[in-house]
Protein chains: 2
Amino acid sequence: MNLTEAIKRPTLHEELVERLRNLVVEDALKPGEKVPEKDLCESFGVSRTPLREALKVLASEGLVVLQANRGARVAKVTLEELENTFPVIAMLEQLAGELACRNLSDAGIAQIQKRHDAMTKAFVARDRKAYFQANQDIHNALIEGARNEILESHHRMLAARVRRARFMVNLSDERWAQAIEEHEQMMEKLRARDAEGLGQLMKTHMMNKYAAHVKAMTDAPDGAAQR
Amino acid sequence: MNLTEAIKRPTLHEELVERLRNLVVEDALKPGEKVPEKDLCESFGVSRTPLREALKVLASEGLVVLQANRGARVAKVTLEELENTFPVIAMLEQLAGELACRNLSDAGIAQIQKRHDAMTKAFVARDRKAYFQANQDIHNALIEGARNEILESHHRMLAARVRRARFMVNLSDERWAQAIEEHEQMMEKLRARDAEGLGQLMKTHMMNKYAAHVKAMTDAPDGAAQR
DNA sequence: AAACGTAATTATGAATTCATAATTCAGTCA
DNA sequence: TGACTGAATTATGAATTCATAATTACGTTT
């Protein structure tokens, strides 16, 4: 261990970026809504300064939209945005898959296998919450396994935007089964350390997810998504 | 034209993000240096509040590093960082190439061809400044031509990090000639609207650029780059 | 009653102030 | 001389204040 490592104390605005991002991603702050600066300051017990700093960062990530003299609004999840976001995140996942295959330890792969099994169990039990959690754990582990902080940070930003979209549609049984099947194939490639193969699958997996979202949103366009 | 479009007025902190980013990218603020908050406030004629907001954004882009209670420093350009950044930006360029082939108008392609010719002329004249400018114009035009704002914004962030690296090494004649040749091929693919082909070339082009940087930095490691 | 105009209120961006952490510098002692 | 201690200074994070833009509330007019 490196004893000279800088000690990390979180500053208020860093905390706030995290907390606010969660509020947006977890849909506590709804798309299009105004961000209630005053209320948030009170409930977090901070002044406006650090909160506003955090909002600037969130704006640069595209989670909120700032209008001069009219404050911040939670960015809407539009079909157009998803159309733009998914291809980009798909490329990043492809790269992550390739790198993870090369950089993960055997133990790391075993760990992911375990999570994969948990996810399969959740699918069989039709436990959506557990499924989402395990699914996200797997993707995060693969991204981390790529050992590339730039990739990781950009993926995190995009994933936040995409993750919000799940509140707009239901996961169809059909797509659910397909996703599980795709993950099954991904595990095969990972165990075989087929970098190209895993990368390709992860890219396709993401684009299939996109297609499912578009289909669900188009079928039931009464959600928040508008062109 | 959409007459109901929101009018856009820049706020101070937005201006500052731009200006500061330029200072960092153009090497006016050197890697590792402390960001002189006070001086910058004076020379920009603003108070610390908007400047600090801007620094938070730049930090989220990775151009500066914040340490609690010890202010901001310009992020160093390390070999490790480039090793992480280039593969990511290469993937984005690949996607951009594919999309640009599909979305650019004939006029748009002609425009890029013109810039390409200007770049070739600059190469023949050994005019580095004009070359860099034309080169950047071409890449920007291709990114814009992809018509994907998400892709564009993430590319911009990464390009800023990479662009700083050019101050650390000299462009070798050998690499310069190779880059021109690569651009020649790219133009061919673009004119033929071979999306896959252009994407592939742009990815490779970026990775070759990376290799050249590594070679130059390793040969003359007395620059600012340290592991 | 609906539409308009104006005053009151609120929210926002930015400057300023304040408390505290980090740094510098002077003095002390080995 | 040179390392250490602690006070003075400076820089930083965050709260507060201030000027102004945006919104709301209220009268007025038709």
Side-chain angles (χ1 to χ4, degrees), chain A residues 3-21 23-24 28-76, chain B residues 3-21 23-24 28-76:
Chain A
L3 293 174
T4 65
E5 211 170 315
I7 56 166
K8 168 115 185 292
R9 264 175 318 173
T11 62
L12 270 185
H13 107 271
E14 279 176 274
E15 288 284 335
L16 288 172
V17 168
E18 285 259 338
R19 311 265 309 250
L20 287 177
R21 195 189 350 247
L23 288 183
V24 174
L29 291 171
K30 299 268 188 288
E33 255 183 20
K34 263 199 59 175
V35 179
E37 218 175 83
K38 205 150 150 288
D39 297 354
L40 290 172
C41 283
E42 281 181 30
S43 64
F44 286 134
V46 300
S47 76
R48 283 175 59 222
T49 306
L51 189 106
R52 298 178 91 264
E53 288 171 345
L55 284 176
K56 305 282 187 276
V57 172
L58 258 45
S60 85
E61 295 181 5
L63 287 183
V64 305
V65 176
L66 302 178
Q67 289 175 290
N69 295 317
R70 317 213 312 187
R73 285 180 178 281
V74 179
K76 285 188 184 156
Chain B
L3 294 174
T4 65
E5 210 169 313
I7 58 167
K8 167 112 186 293
R9 267 176 316 172
T11 62
L12 269 187
H13 106 272
E14 278 176 275
E15 289 283 336
L16 288 173
V17 168
E18 287 258 339
R19 309 265 310 251
L20 286 177
R21 199 193 342 251
L23 288 183
V24 174
L29 290 172
K30 299 271 189 287
E33 255 182 23
K34 264 199 61 176
V35 179
E37 215 174 84
K38 204 149 151 287
D39 297 353
L40 289 172
C41 284
E42 281 180 31
S43 65
F44 286 135
V46 301
S47 75
R48 284 174 58 220
T49 306
L51 188 106
R52 299 179 91 265
E53 288 171 346
L55 284 176
K56 305 281 188 275
V57 173
L58 258 45
S60 85
E61 294 181 6
L63 288 183
V64 305
V65 176
L66 302 179
Q67 289 174 290
N69 294 317
R70 317 216 304 184
R73 285 180 178 282
V74 179
K76 287 190 183 152

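Quick note on labels: first sequence line is chain A, next is B, and so on, each numbered from 1. Just so we're clear, the structure is a prediction, and the values are computed from it rather than from any experiment.
Distance CZ (B/Arg70) to P (D/dT12): 11 Å, rounded to an integer number of Å. If you measure from atom CG of A/Leu66 to atom P of C/dT12, you get 11 Å, rounded to the nearest angstrom. Between B/Arg73 atom CZ and D/dA11 atom P the separation is 13 Å, expressed in whole Å. Atom NZ of B/Lys38 is separated from atom C1' of C/dA15 by 16 Å (rounded to the nearest Å). A/Leu55 has its CG atom 13 Å from the C1' atom of C/dG13, to the nearest Å. Taking atom CG of B/Asn69 as the reference point, atom C1' of D/dT12 lies 6 Å away to the nearest angstrom. Residue B/His13 contributes atom NE2, which lies 13 Å from atom P of C/dA15 at whole-angstrom precision. For the pair B/Gln67 CD and C/dT20 P, the interatomic distance rounds to 22 Å; values are reported in whole Å.
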Where do A/Leu20 and A/Leu40 land on the side chain to side chain contact (heavy atoms under 4.5 Å, CB included) test, with the steps shown first? CA-CA 9 Å; A/Leu20 287 177; A/Leu40 290 172; 3.8 Å; yes
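Rounded to the nearest 0.5 Å, atoms CD (B/Glu15) and OG1 (B/Thr11) are 8.0 Å apart.
Here the nucleotide nearest the side chain of B/Leu12, chosen from D/dA21, C/dA14, D/dT12, is C/dA14.
Considering only residues two or more places apart in sequence or on other chains, A/Arg48 meets the side chain to side chain donor-acceptor pair (under 3.5 Å) condition with A/Glu37.
Listed here is the closest heavy atom pair of B/Pro50 and B/His13: O-CB, 3.9 Å. In plain terms, the two heavy atoms of A/Leu29 and A/Pro36 that are nearest each other are CD2-CD, 4.1 Å.
When the side-chain nitrogen and oxygen atoms of B/Lys34 are compared with OP1 and OP2 of D/dT12, one or more of them lie within a distance under 4.0 Å.
Within the structure, side-chain hydrogen bond (donor to acceptor under 3.5 Å, both in side chains) pairs that include any residue of residues 53-63 of chain A comprise A/Arg21-A/Glu61, A/Glu53-B/Arg52, A/Ser60-B/Ser60 (at least two apart or interchain).
Using a 4.0 Å cut-off on heavy atoms, the residues of residues 41-53 of chain A that approach DNA chain C are A/Arg48, A/Arg52, listed by number.
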